[in-house]
Amino acid sequence: MDELIKVEHLTKDYGDGRGIFDLNFVVKKGETFGFVGTNGSGKTTTIRHIMGFLKPQEGQVSVMGLDAWKDSCEIKKYVEYVPGEIAFPDLRDGTTFLKNQAELLKITDMTYANYLCEKLQLDTSANLKRMSKGMKQKTAIVAAFMSDKDILILDEPSTGLDPLMREIFLELLEEEKKKGKTILMSSQMFDELEQVCDRVALIFNGKIIDIADMKILNNLPYREYKVEFKTREEYLKFKKLKFEIVRDQEKYNQVTIKIEKTKINRMFEILKNYDLKFMSEVKYNLEKHFKMILQKEDELLQEKKRIEKLAKDHTPVIKNTLVRRIISKKTQEQKKEQKKLHLELKNEKFFNKDEYKFHKKEDKKQDHENKRQQKIKEKKEKEGK
Amino acid sequence: MFSKALFKQSMKAHWVKWLSVTLSTCIMLAIVIIVLGNLGINDIRDSLQDVFTQADQESVLKENAVDGYEVYLTSVELEGTLQNADESMLKMAYPVLINPFNTRVNAYKEMHDGQEPEGDDLQAIILASAEEVKAIIGSLGGEIDIIKDIPEDMLLGFLVEFYNVYNQNPFSQDDEQFKDKFVSVIKDTYLNFIYTNAYNQYMEQEGATVEIAEYSAAQMKTIITNAMASYQAPVGEFDREPYKAKASEEINMMMYNVAYQTIYAQSIAGGMTEEEAQTYSGQYAVASKVLSNTAISTYELWLNELKDVEDAKTQAREYAIQSITDQIPEKVAEALSELGNMDIYSFIIGSIFYRIAGLLLPMVFVIMTANSLLAGQVDSGSMAYVLSTPTKRRTVTVTQMTYLILALFSMFALLTVTSVIAVWVSGGNSFAINYGQILLFNLGAFLTMFAIAGFCFMCSAVFNRTKYSLGIGGGLTIFSLVCTILGLFGSSVVPSAMRISAMNFFNYLSFITLFDTVSIMSGGLDYLWKFGILLGIGIVTFIIGVFRFDKKDLPL
């Protein structure tokens, strides 16, 4: 019973490559699980399956151990839902709607609902049809949250909310989390998922490409810094050092380096000797993480498309040879580029061996120093005991 | 299986629509029944029917005139026959006629110690004797022409009359004035027979009263008495010629008198003042006289031509019974008589209001409501709020279905009340449409709407998009209504002058055809099984809708 929501091999093919394909994931009790993906990638379809509105073509969805399709009514006793598309029943105003909803939910005590309205600064007496998008969203949130159930399923719950209201909403989510509720939410805002979620799944073209654990992502062993030098000489000089360069922008004399957390101090030492225009940390966040993955995915997709197009234009017999030729051509090009780079580095005029050696020595000295100080600390601790 | 909260939500969402449709349909119905009821739109029918009855009356009058004329002349001839009858011949006929009666009377006397037969006993004896004589009269020679001339079906009546007269005034073969007595009994019998005949003939006519019948019979009797008295023994064989003018005049006068009396009595009973009645009946009487004269002249012409009384009578009668409708082309006559028989109230209330005009607004209500109860909410996404609570899909469909049926039912309940009140205001059961029929109309309209509601509900449950639900559910419903309108021009309720029978094809495309108002008005039972089918369509489509909604994908 620890796995409150379990999705296994879930498939729904709408044709033309749309739909969701072989989704697998589990949301554990008390966990906040996020969904992120481009428009039409299948987030809402997945959520609709969990709510039991859609029947899986293949695979299975279970909530609290119950089949989401067959026992969809039973599941609703444990699930609150904020739909992605906000459209209210044909009723006069927000108050009538919330009362009606309370009746359907068999709630008689409205204190929690009133607390939610107050917190979200929602005026329920407004006409439902004339509400702004944000107001509608707030009404939908109150309508879902007021039943105070164990599982929250939120489909892009913060769309339409102004930044201040979003903060309040996230606070509200934190409160719910503290109560031990299990939350599944989809969103297009990386920052809010980062703030709230324990794990975030990236859906792309109906497939889960990656599930990121926020704990790991927040505690990465390395950092990235972007550095711009005032002169080209210095830029080139710095490049010769053995730093891991992630991004190189020659035009602006900029480099982005990746460095282990423990070595940050030493990096600053070295940079002291350079004339810098600016320096800033490039945070490695969810957005960056997924962008990278998506880029790779996109490249793969483009390549696949190109091959498919070629294959379409030619007969199957030629197809294989063509594909092989393309691949071999590509590898040849890559090799050529690498050689070029090597040559450039060799012919570099400002290549200074001594300086490089100095830095190496300094590094060794630093290591010794660290080791010595550690030993001293250990001694002191022993003496203290 | 039923959610009160959802039911309330549906009521709140649709009550304005419901109220406006119900009220406007009720007002429409009240106007149709009350206002049209007081306008007297059946006047055309009534006046056409008047024309036809008048034509019938005319032909009867002409026939009577010819008959009377012929009776007049025959009577004069009979007088001659009787006056010139040979006494020995009469004496030969006497025992044939009288003996069966006398034998029975004597037998009766012996049995009852010399008492004369009276009352029922006498009538029994008379009837038995008459039957015996009737049986043997065929074998008689030319002894009594008068008796032999009487048609067979009247013979028995004549003989009964004869014995009645004889019983009051008996005479024997040995009497000094045997011939006079015999002839007078025959004459009395004849005159009484004429009287009874005239009386019966008049009583067969429409609107006859005993007073007028007696008056008319007495008139006839007087005329015939006078006719017989006017007989003058000719030199040779009997000649009708000298009596014709007098006969014609007398009969015409009688027709005048009878018509005057008849119409006068009717006019006074109809609420006319005495003066008006006099003028009116005077005009009518003159017309009758003219008609009678025409009929007799025609008869005479035919007689001259054909030289045979029966043939001439047949021809004259055929001419006489030709009414207005016989003189115009058959198709036009048919159309006219149909127009005369058409009941414009049941046409407008049944075929126009309950099947077309009165259904339109409830139809719009049903199309819109059925759509927004399921498909509309699924399409917009608001159904998510209901289904994200512990409410089964089955509960949703059953609740919405209940709402739709109850809304329709209450709408037609109010419509029924309105229609019953309107009929009551228009004169209750004396109105062209009685309470039973108006209740059946309402029931039929409700069942039709029930079937339509089921169909629209099914579409709403099957489709996720409003455009399909409205397009197919509403589209086919409106198509059905339009087909009913077009089909009306081919249906039998429209007079043949306006009917295009090919248009009847449209009636097969519409399920409103199953609401058979014609059968309800004509009192048949055809409408019952058609009602059954409508109910069946409704139930089946509702059930399909409920089950389909359980199993489909919802984009919420």
Side-chain angles (χ1 to χ4, degrees), chain A residues 12 14 19 44-45 47-57 69-93 96-107 128-129 136 139-140 142-147 149 151-155, chain B residues 1-18 365 368-400 403-404 407 460-461 464-466 547-556:
Chain A
K12 186 95 182 177
Y14 288 125
T44 303
T45 307
I47 285 175
R48 281 173 183 166
H49 275 101
I50 295 168
M51 288 301 289
F53 295 148
L54 300 180
K55 191 182 181 182
Q57 258 169 13
W69 171 254
K70 284 176 195 151
D71 302 309
S72 85
C73 179
E74 194 67 21
I75 285 169
K76 308 294 162 48
K77 287 179 185 162
Y78 313 105
V79 173
E80 306 165 0
Y81 178 48
V82 175
E85 229 171 288
I86 306 292
F88 293 122
D90 193 0
L91 291 170
R92 201 175 56 246
D93 53 40
T96 326
F97 168 65
L98 287 178
K99 266 187 195 160
N100 207 78
Q101 207 61 18
E103 219 171 309
L104 280 168
L105 290 161
K106 298 184 177 80
I107 299 173
L128 275 178
K129 296 272 166 204
K136 279 185 183 169
T139 313
V142 173
F145 281 32
M146 68 181 181
S147 58
K149 291 173 195 160
I151 302 172
L152 280 161
I153 295 180
L154 317 170
D155 195 355
Chain B
M1 292 289 272
F2 183 81
S3 162
K4 228 172 120 187
L6 187 59
F7 190 81
K8 269 203 273 181
Q9 185 180 313
S10 297
M11 283 222 312
K12 276 178 198 159
H14 301 294
W15 72 271
V16 175
K17 222 188 304 170
W18 181 88
F365 170 77
M368 288 169 71
T369 310
N371 172 63
S372 65
L373 284 178
L374 294 174
Q377 293 190 35
V378 172
D379 197 5
S380 76
S382 64
M383 183 66 88
Y385 291 100
V386 180
L387 286 179
S388 61
T389 64
T391 312
K392 277 187 185 149
R393 289 193 193 185
R394 180 70 58 85
T395 311
V396 173
T397 41
V398 170
T399 307
Q400 305 290 47
Y403 169 74
L404 188 59
S460 183
N464 282 337
R465 306 294 299 271
T466 295
F547 279 93
R548 180 69 198 124
F549 194 76
D550 271 357
K551 287 179 186 140
K552 71 167 182 177
D553 284 346
L554 295 173
L556 298 174

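Note on naming: letters A, B, ... go to the chains in the order of the sequence lines (proteins, then strands), and numbering restarts at 1 for each one.
Heavy-atom distances place both the backbone and the side chain of A:Pro89 under 4.5 Å from chain B. With a 4.5 Å cut-off on non-hydrogen atoms, B:Gln377 does not touch chain A at all. Only the side chain of B:Ser3 comes within contact range of chain A, with at least one heavy atom under 4.5 Å from a heavy atom of that chain. Residue contact with chain B, scored on non-hydrogen atoms closer than 4.5 Å, is absent for A:Lys99. Both the backbone and the side chain of A:Ala140 come within less than 4.5 Å of a heavy atom in chain B. There is no contact between A:Tyr78 and chain B, counting heavy-atom distances below 4.5 Å. Residue A:Ser72 does not touch chain B at all, counting heavy-atom pairs closer than 4.5 Å.
Between A:Leu152 and A:Phe145, some side-chain heavy-atom pair lies under the 4.5 Å cut-off. For the pair A:Asn100 and A:Phe88, the minimum side-chain heavy-atom distance is 4.5 Å or more. B:Leu554 places a side-chain heavy atom less than 4.5 Å from the side chain of B:Phe549.
Ranked by heavy-atom pairs under 4.5 Å with chain A, the list B:Lys8, B:Lys4, B:His14 is led by B:Lys8. By number of non-hydrogen pairs under 4.5 angstrom with chain B, the leading residue of A:Thr44, A:Leu105, A:Leu54, A:Asp90 is A:Leu54. Interface check for chain B: of the options A:Lys12, A:His49, A:Lys149, A:Glu74, the most heavy-atom pairs under 4.5 Å are formed by A:Lys12. With chain B as partner, the option from A:Glu80, A:Lys106, A:Gln101 having the largest number of non-hydrogen pairs under 4.5 angstrom is A:Gln101. Among A:Glu103, A:Met51, A:Lys76, A:Lys77, the residue making the largest number of heavy-atom pairs under 4.5 Å with chain B is A:Lys76.
Going from atom CG of B:Leu374 over to atom CG of B:Asn464 covers 10.5 Å, rounded to the nearest 0.5 Å.
The existence of a salt bridge linking B:Arg394 and B:Asp550 is confirmed by a sub-4.0 Å separation between a basic side-chain nitrogen and an acidic carboxylate oxygen. Taking the charged nitrogens against the carboxylate oxygens, A:Lys55 and B:Asp553 have no contact shorter than 4.0 Å, which rules out a salt bridge.
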(request) Please report the C-alpha distance between B:Arg393 and B:Leu387 in whole Å, then the side-chain angles of each, then the deciding distance to 0.1 Å, and finally whether the side-chain contact (heavy atoms from CB on, under 4.5 Å) criterion is met. (result) CA-CA 7 Å; B:Arg393 289 193 193 185; B:Leu387 286 179; 4.0 Å; yes

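Between B:Lys552 and B:Ser460, the shortest heavy-atom contact is NZ-O, 4.3 Å.
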